[in-house]
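The figures that follow rest on heavy atoms only: side chains count, while hydrogens, waters and symmetry mates do not.
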Amino acid sequence: MVEKKKWLPRWFYQLASPRWCYQICGKLLPGFAVAALILLLGGIVWALLFAPADYQQGNSFRIIYLHVPSAILAQSCYMMMAVAGAIGLIWKMKVADMVAKSCAPIGATMAVLALLTGAIWGKPTWGSWWVWDARLTSMLILLFLYLGVMALNSAIESESTAAQASAVLSLVGLVNIPIIKYSVDWWNTLHQPATFTLTERPAMPAEMWVPLLMMVVGFYCFFAVSLMLRLRNEILRRERRAGWVRDLLLSK
Amino acid sequence: MNQPLNPQRRPAIGMGALFAATLKRDLKLSLRRKSELVNPLIFFLMVITLFPLGVSPEPGFLAELAPGVIWVAALLATLLSMDSLFRTDFDDGSLEQLLLSPQPVMLVVCAKVLAHWMLTGLALTLVAPLISVMLFLPAEGVPGLMLSLLLGTPTLSLVGAIGAALTVGLKRGGVLISLLVLPLYIPVLIFGTGAVQAAVTGLPLDGYLALLGALLALGTVLAPLAIGAALRISVSG
Amino acid sequence: MSQTMLKVENLFCERDDRVLFDQLSFEVDGGEIVQIEGANGSGKTTLLRILSGLSRNYEGEIYWQGEPIEKVREEFRAELLYFGHQPGVKALLTPEENLHWYCALHASLDPARVQEALEQVGLRGFEDVPCHTLSAGQHRRVSLARLYLSDARLWILDEPFTAIDKRGVAAKEALIGRHVAQGGSVILTTHQDLQGSGAVRSINLDRQGERG
Amino acid sequence: MSFNSFTEFLSMGGHGLYVWLSYALGLAVILLNLVAPLMERSRLVAQLKRRLQRENQSP
């Protein structure tokens, strides 16, 4: 461990300290919260009021502003969970374990939101609530992966063992995600002739994609807020015997 | 008498022999516990029987359903037998001894998975022709079915073993394994049934089999690593 | 002969919200017997599992012959014999088959000496019956036969004398004494007093818990 | 502004149910992800405080 410390930047080791991490999260939280609020509110107003209706799908197209950001977030959240888990496994970094654990519920709810909005959007577009569309199917499998990680995490009593085991599982899942995605895409084209999909559109005018971009960035900011809230809870819980946590609690 | 404690060690048994010894040991253990040996097979047959009863006994319909049904049943049967892969070793302390061996754990793990596959995946592959007759699968599909099972079921055993290793320390790991492992089984299922359907309709199989082979190669390289790490974590807890 | 085998520095471990030991440091030299003492639940087994490398849930440093243990895992495992709560004996296999597999795991052991080892623990004539037909004591002796087979320098023994009769205990003690005389080290827990095995150093975990 | 009146805005060209259902769900999920950790935090702080008091009294 001692030799390794030389080639990693200093902030990495500060990040490894739960106390430093707790404080920096506390400082960053308001900024991200304000950014998320502005971006999400602005994005939603723009999306609902000012963005033009789609010439084919009409106003139901406006669901894209929730569907796409939540789907993107669900995927990148999994990536983050797996990477944080790997860091926790390799460098025995407690904070990374906690980040991985905090990622799982957010990612799972985002996957649920992407699935629900996809289904609701499917009703006016395809005429049925659920279609075994490749994207929806792989999102459903992503949700299963999240549920598996969360179930394993809660089934193991020892905190550090639970964190390590979930990290291994999420890494295995990470290797599998491209394979699953490819196989589902391929299976889908085999089963049904390629109809128009939910999200792939030829060229989107700027007044359509700018609010979309706003919503995506807003969702990321919201993710940061929720993650930091959860992370702070997790740090308090895991470090409950540390002196600084006691002082913090007594000062309240 | 103990040997003198000299650091000059003479390897009496090499790695290949350890692999063979573990394979032989696990096969022997399963053969001495006959009920567990045939359970996955019986389960496989029973699940298959449920479909004509539950859906429809009409031959044309069953023939269309057969590739999927056989593959899903094979998948569930593999999963059912997965829990016991490391559990008995964990309970009687053999797993501790295994992990404390100076030999690479991956080697022993590979041998154990191979033994497991020989008694489930291979056995399922061998009874598959019988099942395909019961489900009216056209005769042209049978070679494709057997080849896809032969290439696909080892991957199922490898991936399932990761789940088994992760849950071995838990008192009730059975249901949890399915939850962890089933999503990971989906590519094998898709390509496996794809191969059988292609065989039935007379399309070339090579692509599907190549994909199943690629999955198997990837699994053989990566799964033992994950299984080894998972076992150390589970025993540590 | 008396080089330091195992060195433990500032070991910290907690289980279920309870600190088992904190700032635990000690050394084990060649030719030494170290007995871990403590009340039930004081973390004896946990400590042995940490020392053997089975459990990684600890903080602190462990050195094997001067090197951090993470770097010399394989060399360390080749020099280690661990005897845990579970004997590591497969009930469906015969004593002979069990020990043969153990030899396969430790490449340096000679399977030809399995017979001899079984004879030493008084299991002659039971070589080829499945272990589940043996009594509890015999079952345990199958596992103890590993002590006769082993060429490891460090023995970590967790309650090696349970379910063993008096005569067996004496034989085991003599074996431990011989191992130590040859320059090996033994770390063990036991409820019995060790007699005639030379100098026994003890480490008490109860006092550790209070301090921590 | 792509709507001429408020009722038109509400009906969303006949797709009002789907659009408003989606946005309600989106809002619910976002709020859930913020409220749950905040409630968890107050619960945790109370629990840890009780624990500290217990520990301070007992020795």
Counting heavy-atom pairs closer than 4.5 Å to chain A, which one of Leu34(D), Leu32(D), Leu38(D) comes out on top? Leu34(D)
Side chain, backbone, both or neither of Leu52(D) within contact of chain A (heavy atoms, under 4.5 Å): side chain
Of the backbone (N, CA, C, O) and the side chain (C-beta and beyond), which part of Leu40(A) lies under 4.5 Å from a heavy atom of chain D, both, or neither? side chain
Between Leu113(A), Leu116(A), Leu48(A), which shows the greatest number of heavy-atom pairs under 4.5 Å with chain D? Leu48(A)
Lys101(A) and Glu159(A): CA distance, side-chain angles, deciding distance, salt bridge (charged side-chain N to carboxylate O under 4.0 Å, His left out) verdict: CA-CA 10 Å; Lys101(A) 194 184 172 191; Glu159(A) 276 165 346; 5.9 Å; no
Which answer fits Phe223(A), side chain, backbone, both or neither, if we ask what part of it has an atom under 4.5 Å from a heavy atom of chain D? neither
Which residue in the set Ile63(A), Thr125(A), Asn59(A) passes side chain to side chain contact (heavy atoms under 4.5 Å, CB included) when paired with Tyr18(D)? Ile63(A)
Main-chain N/O of Tyr78(A) paired to Tyr146(A) side chain as donor or acceptor, under 3.5 Å: yes
Shorter than 4.5 Å, heavy atoms on both sides: which option in Ile106(A), Thr109(A), Asn233(A) has the most such pairs with chain D? Asn233(A)
Max heavy-atom pair count under 4.5 Å with chain A, selected residue of Leu48(D), Val29(D), Asn33(D): Asn33(D)
Please give me the minimum heavy-atom distance between Gly118(A) and Leu136(A), naming the atom from each residue. CA-CD2, 4.1 Å
For atom CH2 of Trp20(D), is the number of surrounding heavy atoms from other residues, nucleotides or ligands below 6.0 Å larger than 12? yes
Is the count of non-hydrogen atoms from other residues, nucleotides or ligands lying under 6.0 Å from Tyr220(A) atom OH greater than 12? yes
Name the member of Pro37(D), Ala28(D), Ala36(D) that forms the most heavy-atom pairs with chain A at distances under 4.5 Å. Pro37(D)
Identify which part of Leu44(D) has an atom lying under 4.5 Å from any heavy atom of chain A, answering side chain, backbone, both or neither. side chain
Closest heavy-atom pair, Met214(A) versus Trp46(A), reported as atoms and distance to 0.1 Å, is SD-CE3, 3.8 Å
Need one label for Ala51(A): side chain, backbone, both or neither, based on atoms under 4.5 Å from any heavy atom in chain D. backbone
